Structure formats: structure tokens, C-alpha cells
Amino acid sequence: MRVQSLGTCLITKRSTDSVSSLLEVVKSTGATQLFFNHLYDPLSLVRDHRAKQVLTAHGVAVRSFNADLLYEPWDVNDAEGCPFTTFGAFWERCLSMPYDPEAPLLPPKRIISGDVSRCPSDTLVFEDESEKGSNALLARAWSPGWSNADRTLTTFINGPLIEYSKNRRKADSATTSFLSPHLHFGEVSVRKVFHLVRIKQVLWANEGNKAGEESVNLFLKSIGLREYSRYMSFNHPHSLERPLLGHLKFFPWVVDEDYFKAWRQGRTGYPLVDAGMRELWATGWLHDRIRVVVASFFVKVLQLPWRWGMKYFWDTLLDADLESDALGWQYISGTLPDGREFDRIDNPQFEGYKFDPNGEYVRRWLPELARLPTEWIHHPWDAPESLLQAAGIELGSNYPLPIVGINAAKARLQEALSKMWQLEAASRAAIENGTEEGLGDSSESAPIAFPQDIQMEEIREPVGNNPPIPTTIRRYEDQMVPSITSSFLRVEEEETSSDLRNLADESRAEVPRNVNINQEPGQGILNQVITQTIQTNNTLPQINLAMAVGNAEDSTAESSSSSRRERDGGVVPVWSPSSSSYSEQFVGDENGVGASSSYLQRHPQSHQIMNWKRLSQTG
DNA sequence: CTTCCCTTCCG
DNA sequence: GGAAGGGAA
């Protein structure tokens, strides 16, 4: 594959062993240098650390860079040099760092192409015939490629950005940036977004446009959340699949696949939730507010295990992103220090009038409710029978009654919490008496299995032809949310032994298939090895290679000597599972309740924890 | 201009 | 549930 704009070849490889594939490419091309960009999930950290070691040992000059974040996670610390544990403090620090984020780099003028004639390259197929139909539909929300990303960015900055603060609560999506898939797949750099947006902010500030200025702050906050997701992943590698705080360890989740199915199909009886779930299915995209609504409903009203919901998001979202989504679900579930209080249930009816005051969003995605007046659109179950008839609605027939009443959900939540405290107290007692060792491991270490038999192919768009019904049955490929913990624990055991080869590759994250990347190498092809071979050349561009991180030797001293940034060579602190000591205060480690109470002592200000304490006492 | 109350928002 | 901001007194 020839990258025309750069005049050099792109070699693509599928492999179960990235490091040896890289080595093979390096050898067959005679490359002497390797450049890659950092990733921050535990698998990549381990894999890339190894890649750096192995290739360096083979005499290749390896350098790695930050291309995904405004600041490297290890550069953002509090006054004591410790990582932040709440988003607010983290982001405040990011915005007041002594140096600005790197300005975006221009593309290189040219790259001196190496000799790739002896290097075998796999052909990657990004879309086959059977996928075209559903991909065409998904394309309504996203057109891949860096030039589309650029256009999306420009359109947003010159359009909706200035009114972002005013419009951000509207479920109708034309007011958001649509950048998330482009950012995820590396088609636009977050630094470019940051700088262009800041330029606008300065402009508006000079004009005295307060609303515009505030809009930029709010938009940047969502960029900040993305940053924070990587930050959390780096500092708490377990948090991608385990609750960060352990206070819900004994929560009796409702394991009900019918609830789960109703949620997926958008048949919960709550119009805002259902509209969201159908938009998600049809377009692979949801407004952030609506993601919170459906996820919160999932966790608080249905009380299903949040990892199920996270996996469904993973399977359906175009911008599915492990770090961001894990952060989001933990936030919703109240397992972050600054997450939502667990015992508060949001009422979809009220949220409906907040985010969709005129019911337009609901009518668009739930055509069966289209003729219902706005007064009842978010709570049809209260509507007079005559009115329902006139609107052609038969509750329980062509639109469901609420699957769970809000009051019933509140009562059930309280019951579940009492149960949880009982179990917790029992466990504590058992541990203190030494009669039983950590029975608690059952819930966290072995999360409730994802239902195996879900048949997504059978889901059809409900009555009506708006949105269009997909003509192609969607192929359901099980892209499991990668299970990191098990392999990760093995890393802990084996970190010192030399061969980490298998673990990093076996359980690696899958990424969505239908990604068209024929325009430019992007980091988004995260898990296929994509290497661009480059002859010795010091004017090297920061090309987004698909690899990342992990430099053992040169790093710790320098980077912990704080604020000096490393422009070149991508200095990364030594990272290994056992050295990520910050996790100790969280439950990610084996100690569960005990661990989170030591966290409690350190962070008495955390109202979420306070809540938990209060509840524990009253329960 | 201050104070107090009410709404809104909360990563 | 609590801070914080806006509006009324």
C-alpha cells in the first residue's frame, strides 16, 4: 500500500505477536530506527515496553512519543508529586501547567522510502460486501478519514462551538463536535483540536464574548475527560475492568437477561431511554448526555451489572474507546471518588423534559409515539386513554409500559444496599475471625459473565420506517471487552521473567472492523501492527504508528525530576504492574473493603465516600 | 449594594 | 445532598 501524500510504503501486518512481527519488518527492510506513539492501557504498556527492549537489544534505535494526549500522565501531579484522584483537580492542573501542550506538527514534506521489496505485507480488508449495507447506515454519523476529520473539526469550530454551552443539554446531536471517532482512531490530533479551539477562545475573550469563552471551557472539559481516562488507566490499570472503589463489592446486581434485552432494544417503556438506545443501534453514536441517561438507567433502575452495559457500548459505538468508556461507566456506577452518588436515581421522565423539551428527539427515534402531545411524550403511562387511542398508542402492545417503576426501583435499590451492607459486615467479621479468607473475591475477580446467547441479529428497527431499517442483517461478532485482569495478574507474576510475549497478545483488545484508513496511517488501527519503515532520517515526522510506550532505562530519574518535558525520544517512566503503587489505595488490588477504607482516610472530602459512610451507618 | 432564597448543576 | 450562581427583596 502506498501512502501517496508521503511517497512511501505502508506495510501492514496481522499478527498475534507484535514484537516479533516488528522485528521481522525491521530485519527485512534494514531499518535502523523505530518510532512509535504512546498508548496507556496496560496491555499496550507491557507490550510496547517489551518492544522497546527487544528492538533496542537488536541494535535498533527506538524512540517513542506522545501523540495522544496534551500532557503525559506522569507529568500531571499534585504538589506532593502524587497523581490526582479527582477529575476537577486533575483538569485544573492541566490547564495551569507551566508549559502549554505541544503545538501540532505539520505533516512531513517527504519521507525517504526504504527498500521494502523483501518485506512481506498482508492485505488488510476493511469492509467486505456483506458489511456495506450496515456500514452505509453507520456512515450517517461518521465518515472516516483524516480529511473528513479535519472538515468535522473546522465545521464545529466555526459553527456550533460558540453556542456549545447553551446547547449542550440538547439531545439533538447537531450541536456537538462529532470528533470522538476521529480522535479515537487517530485521524485528528487532540493537540490540534486544543490549539484551534483555544485560538477561538482568545478571540472571543477579546471581543468580550463571555458565552463563547465559556463554551470553549465546557468543550475543553470534555477533551479533559478523555485525557483523564488515559490518566486513570495509566495510574490504575485495573480500572478498565474492575470498579476502582470497592464499596459496591457486595452489591447484589440483578442478573436478568430480559431486562438487558429490553434495554438493548429500546423497549423499557421510558421514551428518552428507548429513543437513545435505538439511535445507538441505528447510528453507532449517542450524545454524551443521552449516554449518561441510558447508562444510569441501566445501573440504577435496572441494576444490571455495569460491565454488560459497557460491553454493549463497546459493540455498538463507533467511538468505542476502552479508557473513556470504562471511566464513564465507573462514573455512572459511583465507583470513582468523584462519581455519582450510588443511591440517587435519575428520573428519565424529568430528564426527558430537560434534554428533549419538545419531544422531537423521542418522536424521531420512536415513531410509534410520534403523535403523542409533548405534555405526555416523556411519560405516556400517565396519558388519558382517549388521548393514547387518538395517537394510535396501545401501551403494553405497540409501546411497552415501564419495565420497572421508578419508585419500585428506588425501593429495590435500598433493599439491595441493605443486603450489600449485610454481606459486607459478614465478610469483614469472617476475615477478622480468620474463619474465612477473602470470600469477597467472588464478585470482583470473577465478574458476572456476559450473556452468551444474545442474538443481536434479531433486533429490527421497530414499527415505522424512520430511521431506515438496515437492509443487511448485522453480523454479530463478539468483540469482547478485553479481559485485562487475568492476563494482567500473570504479568505481576511473570514481570521479571523475560517472556511476556503471549499474554499481551492473547487477550488484546479487538477494535471495530469497519474502519477505513486508506488515507493516512493512523494510530487508530491500534492492534494491527502497522509499521512504516523509514531509513535513517533525523527530520522524522511524528507519524502515528500503531504502537506505544514503555521505556525502562532512561526515564525515572528524569521524569520524576518533574516539570521538564521531554520533547524527543518519548521518555516514559518505568512502568510495571507491581510498580503502580497508587493502586494500593483502591480496591483494584486484592484487599477490597480494607483498601477502600484506607482510601477513605486519605480523602475524607470525597462526598461520594461520605455518602457511602452515611449510608452504611443508617443501613 | 447586600443578603437571602431558589434554581440548577454536579465527571 | 450540597455548592454555586442568579434573581428578588
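Remember, it's a predicted structure, so these values are computed and weren't measured experimentally. A note on names: the letters A, B, ... follow the listed sequences, proteins ahead of strands, and every chain is numbered from 1.
Distance from the side chain of A:Glu341 is smallest to C:dG1 among B:dC9, C:dG1, B:dG11. Comparing atom distances between the A:Asp338 side chain and each of B:dC10, B:dT8, B:dG11 picks out B:dG11 as nearest.
Base pairing in DNA chain B gives the following stems of 3 or more Watson-Crick or G-U pairs, range against range and under 3.5 Å: B:2-10 with C:1-9.
Among the protein residues, A:Arg289 comes within range of the nucleic acid bases, having at least one heavy atom under 4.0 Å from a base atom. When heavy atoms are screened at a 4.0 angstrom cut-off, A:Gly328 is found touching base atoms of the nucleic acid. Residue contacts shown for A:Asp346 are absent, as no nucleic acid heavy atom lies under 4.0 Å away.
Within 3.5 Å, a donor on the side chain of A:Arg344 pairs with an acceptor on the base of C:dG1, or the reverse.
Protein atom CD1 of A:Ile345 is 20 Å distant from nucleotide atom P of B:dC10, rounded to whole Å. Taking atom CZ of residue A:Phe355 and atom P of nucleotide B:dC10, one finds them 9 Å apart after rounding to whole Å. Going from atom NZ of A:Lys210 over to atom P of C:dG5 covers 13 Å, rounded to whole Å. Between the CH2 atom of A:Trp91 and the P atom of B:dC10 there is a distance of 16 Å, rounded to whole Å. Between the P atom of B:dT8 and the CZ atom of A:Phe350 lies a distance of 13 Å, rounded to the nearest Å. Counting to the nearest Å, the P atom of B:dG11 and the CH2 atom of A:Trp329 are 19 Å from each other.
B:dG11 has no base stacking with the ring of A:Phe87 when judged by centroids under 5.5 angstrom apart and an interplanar angle below 30°.
Partners of A:Ser222 by side chain to side chain donor-acceptor pair (under 3.5 Å), not counting sequence neighbours: none found.
For A:His287 (side chain) and A:Arg169 (main-chain N/O), no donor-acceptor pair under 3.5 Å exists by modelled atom type.
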Item to check | Steps toward salt bridge (Lys or Arg N to Asp or Glu O under 4.0 Å) verdict (A:Asp321, A:Arg230) | outcome: CA-CA 10 Å; A:Asp321 179 279; A:Arg230 272 73 179 154; 2.8 Å; yes
Checklist entry - Going through the distances and angles, do A:Asp346 and A:Lys300 end up as a salt bridge (Lys or Arg N to Asp or Glu O under 4.0 Å)? => result CA-CA 8 Å; A:Asp346 295 306; A:Lys300 307 289 180 67; 5.4 Å; no
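Ring pair A:Phe156/A:Phe219: centre-to-centre distance below 6.0 Å.
Among all heavy-atom pairs drawn from A:His195 and A:Pro104, the shortest one is CD2-CD, 3.6 Å.
Residue A:Arg168 places none of its side-chain N or O atoms closer than 4.0 Å to OP1 or OP2 of B:dC9. Between A:Arg226 and B:dG11 there is no side-chain polar atom (N or O) within less than 4.0 angstrom of OP1 or OP2.
Note on ring orientation: taking the six-membered ring where Trp is involved, the planes of A:Tyr228 and A:Phe90 are tilted (angle from 30° to 60°).
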